[in-house]
**Student:** 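Okay, handing you the structure first.
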There are 2 protein chains.
Amino acid sequence: MRVTIREVAKRAGVSAATVSRVLNKPNLVEKETRRRVQAAMKELDFKPNAIARGLSSRQTDTLGLIVPAGITDFFFNELYQGIREASQSHNMRVLVFDSENSPERAMEGFYFLGQHQVDGIIFTSKMITEDFDPVIQRLGLPVVLVLAPNGAKTPIPSFDIDNVRAGFDVVSYLVSRGHRRIGMIAGKVPDTPWQQRLQGYESGLKHFGLPFDSQAVQTGEFSFDDGYRAMQRLLEKQADLQLTAVFSASDEMALGAMRCLYDNGLRVPDDMSIVGFDDVKVARMVVPRLTTVAQPFSEIGAQSVHWLMGALGRVITPTETGTYFLPHRFVERESVRTLV
Amino acid sequence: MRVTIREVAKRAGVSAATVSRVLNKPNLVEKETRRRVQAAMKELDFKPNAIARGLSSRQTDTLGLIVPAGITDFFFNELYQGIREASQSHNMRVLVFDSENSPERAMEGFYFLGQHQVDGIIFTSKMITEDFDPVIQRLGLPVVLVLAPNGAKTPIPSFDIDNVRAGFDVVSYLVSRGHRRIGMIAGKVPDTPWQQRLQGYESGLKHFGLPFDSQAVQTGEFSFDDGYRAMQRLLEKQADLQLTAVFSASDEMALGAMRCLYDNGLRVPDDMSIVGFDDVKVARMVVPRLTTVAQPFSEIGAQSVHWLMGALGRVITPTETGTYFLPHRFVERESVRTLV
DNA sequence: TTGTATGCGTTATCAT
DNA sequence: ATGATAACGCATACAA
C-alpha cells in the first residue's frame, strides 16, 4: 500500500536499519550512504508512519491536554494557542481532551490520553483532587497543572499567576483612581482562581482601610449570563452599596455586567467602572475597551511544555515541583473612570 | 511496564487472541469466557494501547482537521466545536493541524495527517487549488471540504452555505427595513466565501433596483482592524455615499467597523446600521447586539463527519461528491435600525 | 559503518 | 469457540 522503510532500503541498496538510522541518527551513517537513502526516500515519496514509530519507540511526540470545557471557551482558547505554539517549537503534537466540566470525564481523560501513549499531560481545569492520585500514579507520565492549584497529593508542578496578588492589584489600581466603594463579581467554588482573586480583593480593601461588605460580592460561575445576573443583584442593593466600580473575576462576566448596566441605563465608565480579568481577544474590541488583567498565556504555555520536555529528558532543565508563579500584567483601557 | 493483552490472557487462562476478540467482537466469544476475560481486564486495570491497535488494524479512529490559522480565530472556533462534537458521537478523535494561512503549510498538513494515519481529513481553509490534487490522490484518504469551494480537480464533497444567497438575504432584509444606500465590507481574495457574499450583495442591489457603487465596497482580510480601516474609508466618502447601513462579511470586521463609527462619534444603529456574518459567540455580547447571519456550524460539522464515516464504510450513506448547501439563518438583533 | 534479529501491543488469518 | 502464528512499520541491541 503505502511505501515503507523496507522499500526505501531495497531501492537504496541498504538494510532497513540503515534507513531508520538516517531518519533518527543521521550522523551514525556514512555521508554517501545517507545521500543514497535520502534520494530513495524522495523518489518514493516516503513518509514514515508515525504510529509504527510510536509503537516501536514508545514515544509519540505528543502531549495530552485536558481542558475543562471546550477550547471554545473564551479563555482556554488563548491558553490553547500558547500551548500549541510552545509544543510546536519542541516538535510536539497536542491531543486535546475535553472534560466537559465533569471530574469523572477529567479522570477518563487521563486514561484516554494514556491509551494514546502521549508522552506527557497538561491538565488545566478548575480542580484536581486527591481522587486523581492513583490514576496519575499508575499512568507514570509527567503531568503539569496549568492555571489550577494542586489539590492532589502527588507532587505536580503548577504554572499559574499569583491570583491573590492580582486581586490586590486591581483594588490598588481602583483606589489610585479615586474609587472607595468597590464591588466584585467572583466565583462560587472554593479553591479556585476566582476565590483567590476574591481573597486578594478583600486584602486589598483591608490594606487601604476600606470596609468589606459581603453584599458587594456576588458570585457567578463564569459566563456572560452569570455576570449579567450578578451585576443585577449588585444594582438591586446599590442604594446601600453606592458602588463606583466593580471588579469581575473574568472578562466574560465583565461583558455580561456591562450589558446589564447598559440595560439599566447606566454607562461605563461614567456611571460605573469595570475591571475584568483574562484579557481575552475581545476585551479590546468592545466599547468601552475593557480594562483588565492579562494572564501570560503564551508564557505559561511555553513554561509548562518546557518543564515537560525536561521531565522527559529531552531538554536540560531542573524539574522541580511546586507552583511557578508567572507575572500577570494590568492592562489599562477605557472601562475605568478616574474620580476627582 | 504497562499491562498488555498477554498478561490479561494469562490471568484469564486464555490466549491473547481471545482477549482481542472480547475487545472487538465480543459476541464471537462464549459468555463465560468473556466474563472471565473482562474480570481479568478490570483486575489488572488493562487499557488497550491505541497506537498498537492503530498499527495493526490500520485504522486509528482519528479524523484530521486542517484549519487555516488557529482555532483561536473567532470563527473556526465555533466550527471546531461542531466538528469535535460530531466526531465524538462517532467515537472519533480529531487531530488538528494549523496551516498558518499558508498554502505550503496546508499541503504539509496532508502529509502530516497522513503520517499519523488518520482515517479521513476535513479541510477548512480559504482555498484548495489544483496543486493539491496529486497530494490528495496519493494519500488515498477520504477528504471533505468545509466552508470552502473545491478548486481542485479531484472530486471532493464540500459542505457549505449558499454564500451568494446569504448576501442577497442581507440586502433584502436591509431593504425591508427601509435602507437604500447600503455599503459593504468584503474580502479581497477571489474565489472565497467573502467574494460570494459580495456577489450576493450586488445581485441584491440589482434585484431591488438600487445602484451599485464600487466606492461603497471596501475590502479587508478578516480582522477587527481590517474592519475598522474599511469603515474608515467608507466614512471618508460618506458625503457622496450617504450610507445608512453597512454589511460586513464577518462579525469580527463588523466589530471593528462599529468601533470606528464610535470613534467618529456615530452611533449604531441610530446613525448607521450594521449587519455582520458568522454569529460568533460575542455577537450577542456586545452593545448593541449584532444582527448577523448564522452559519450552521454544528450541522456542518455533523454532516461532514457523517459523510466521512460513510466513505469509510462505517455507516450507510450515499457518498456523493459535489457541494452540499446547508441553510444559513438570519439573526435579527439590535444593530439595524428601521427607517421610516 | 552497516546488517541481522527481535520486539513494540495489537489484530487478523488460519487452523483446530 | 478458541489458539498459534504471522503481520503491521519501525527502532534498537547486538553482531560483524
Side-chain angles (χ1 to χ4, degrees), chain A residues 1-38 40-41 44-62 111-119 139-140 314, chain B residues 1-38 40-41 44-62 111 114-119 139-140 314:
Chain A
M1 192 101 140
R2 295 191 42 175
V3 25
T4 79
I5 213 178
R6 263 181 266 277
E7 320 188 34
V8 175
K10 181 175 297 178
R11 174 96 171 201
V14 298
S15 76
T18 299
V19 178
S20 176
R21 278 189 205 101
V22 344
L23 241 30
N24 304 299
K25 325 200 152 118
N27 39 337
L28 286 192
V29 39
E30 200 193 8
K31 205 160 194 168
E32 167 56 15
T33 319
R34 195 195 315 163
R35 212 197 43 66
R36 278 208 335 272
V37 172
Q38 281 162 340
M41 297 204 283
L44 297 175
D45 192 40
F46 166 76
K47 307 285 174 194
N49 179 328
I51 297 297
R53 201 188 264 239
L55 180 60
S56 182
S57 68
R58 267 173 291 307
Q59 86 177 41
T60 52
D61 293 353
T62 301
Y111 286 125
F112 172 82
L113 296 172
Q115 287 191 242
H116 283 266
Q117 315 302 116
V118 298
D119 298 335
L139 263 189
R314 306 196 193 171
Chain B
M1 191 105 142
R2 294 193 42 178
V3 25
T4 78
I5 214 176
R6 264 181 264 278
E7 320 188 34
V8 175
K10 182 175 295 176
R11 175 96 170 199
V14 298
S15 76
T18 299
V19 177
S20 176
R21 278 189 204 101
V22 344
L23 241 31
N24 304 299
K25 322 195 154 126
N27 40 337
L28 285 191
V29 39
E30 200 193 8
K31 205 160 194 170
E32 167 56 17
T33 319
R34 194 194 316 162
R35 212 197 44 67
R36 277 205 339 268
V37 172
Q38 280 162 341
M41 297 203 284
L44 297 176
D45 192 40
F46 167 76
K47 307 284 175 195
N49 180 326
I51 297 298
R53 202 187 263 236
L55 179 59
S56 183
S57 67
R58 267 175 290 304
Q59 86 177 41
T60 52
D61 293 354
T62 301
Y111 286 125
Q115 286 191 244
H116 283 266
Q117 315 301 117
V118 300
D119 298 336
L139 264 188
R314 305 198 193 169

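Each chain gets a letter, A, B and so on, in the order its sequence line appears, and its residues count up from 1.
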**Student:** Is it true that a side-chain atom of A:Ser57 and a backbone atom of A:Arg53 form a donor plus acceptor pair closer than 3.5 Å?
**Tutor:** yes
**Student:** Rounding to an integer number of Å, can you tell me how far A:Glu7 CD sits from D:dG9 C1'?
**Tutor:** 11 Å
**Student:** Phosphate oxygens OP1/OP2 of C:dT10: is one of them under 4.0 Å from a side-chain N or O of B:Asn49?
**Tutor:** no
**Student:** Calculate the interatomic distance between A:Leu28 atom CG and C:dG3 atom C1'; express it in whole Å.
**Tutor:** 14 Å
**Student:** Considering only C:dG9, D:dT2, C:dT4, which nucleotide approaches the side chain of A:Ala17 most closely?
**Tutor:** C:dT4
**Student:** Kindly indicate whether the side chain of B:Arg21 and the base of D:dG3 share any N or O donor-acceptor pair separated by less than 3.5 Å?
**Tutor:** yes
**Student:** Donor-acceptor check, side chain of A:Arg36 to backbone of A:Ala12, threshold 3.5 angstrom: yes or no?
**Tutor:** yes
**Student:** Is the shortest side-chain N/O distance from A:Lys25 to OP1 or OP2 of D:dT12 below 4.0 Å?
**Tutor:** yes
**Student:** Check whether any side-chain nitrogen or oxygen of B:Ser20 sits under 4.0 Å from OP1 or OP2 of C:dT11, and answer yes or no.
**Tutor:** yes
**Student:** More 5' along DNA chain C: A:Thr18 or B:Ala50, using each one's nearest nucleotide?
**Tutor:** A:Thr18
**Student:** For A:Asn24 and D:dG9, what is the distance between atoms CG and C1' respectively, to the nearest whole Å?
**Tutor:** 13 Å
**Student:** Do you know which two heavy atoms are closest between B:Phe46 and B:Val3, and how far apart they sit?
**Tutor:** CD1-O, 3.4 Å
**Student:** By nearest nucleotide on DNA chain C, pick out whichever of A:Arg6 and B:Ser56 is the more 5' one.
**Tutor:** A:Arg6
**Student:** In whole angstroms, how far is the P atom of D:dA11 from the CZ atom of A:Arg53?
**Tutor:** 5 Å
**Student:** Quick check: any donor-acceptor pair below 3.5 Å linking the side-chain of B:Ser57 to the base of C:dT11?
**Tutor:** no
**Student:** What's the spacing between A:Ile51 CD1 and B:His116 NE2 if we round to 0.5 Å?
**Tutor:** 7.5 Å
**Student:** Looking only at the side chain of B:Thr33 (C-beta and beyond, no hydrogens), which of the listed nucleotides C:dT1, D:dA1, C:dG3 gets closest?
**Tutor:** D:dA1
**Student:** Let's see if you can work this out: which of C:dT10, D:dG9, D:dA4 has an atom nearest to the side-chain heavy atoms of B:Phe46?
**Tutor:** C:dT10
**Student:** For A:Val19, report the nucleic acid contact type (base, sugar-phosphate, nothing); a contact means any heavy atom under 4.0 Å.
**Tutor:** nothing
**Student:** Name the closest nucleotide to the A:Leu55 side chain, picking from C:dT4, D:dT2, C:dG9.
**Tutor:** C:dG9
**Student:** Between A:Arg2 and B:Gly114, is there a donor-acceptor pair closer than 3.5 Å when you use the side chain of the first and the backbone of the second?
**Tutor:** yes
**Student:** Taking CG from A:Asp61 and P from D:dC10, how many angstroms apart are they, rounded to a whole number?
**Tutor:** 15 Å
**Student:** For B:Arg36 and D:dT2, what is the distance between atoms CZ and P respectively, to the nearest whole Å?
**Tutor:** 8 Å
**Student:** Identify which nucleotide among D:dG3, D:dA1, C:dT2 has an atom closest to any side-chain atom of A:Val29, counting heavy atoms from C-beta outward.
**Tutor:** C:dT2
**Student:** Donor-acceptor pair, B:Arg21 side chain versus B:Leu28 backbone, under 3.5 Å?
**Tutor:** no
**Student:** Round to the nearest Å and state the distance from B:Ile5 atom CD1 to C:dC8 atom P.
**Tutor:** 14 Å
**Student:** Could you check how far CD1 of B:Ile51 sits from P of D:dC10, rounded to whole Å?
**Tutor:** 14 Å
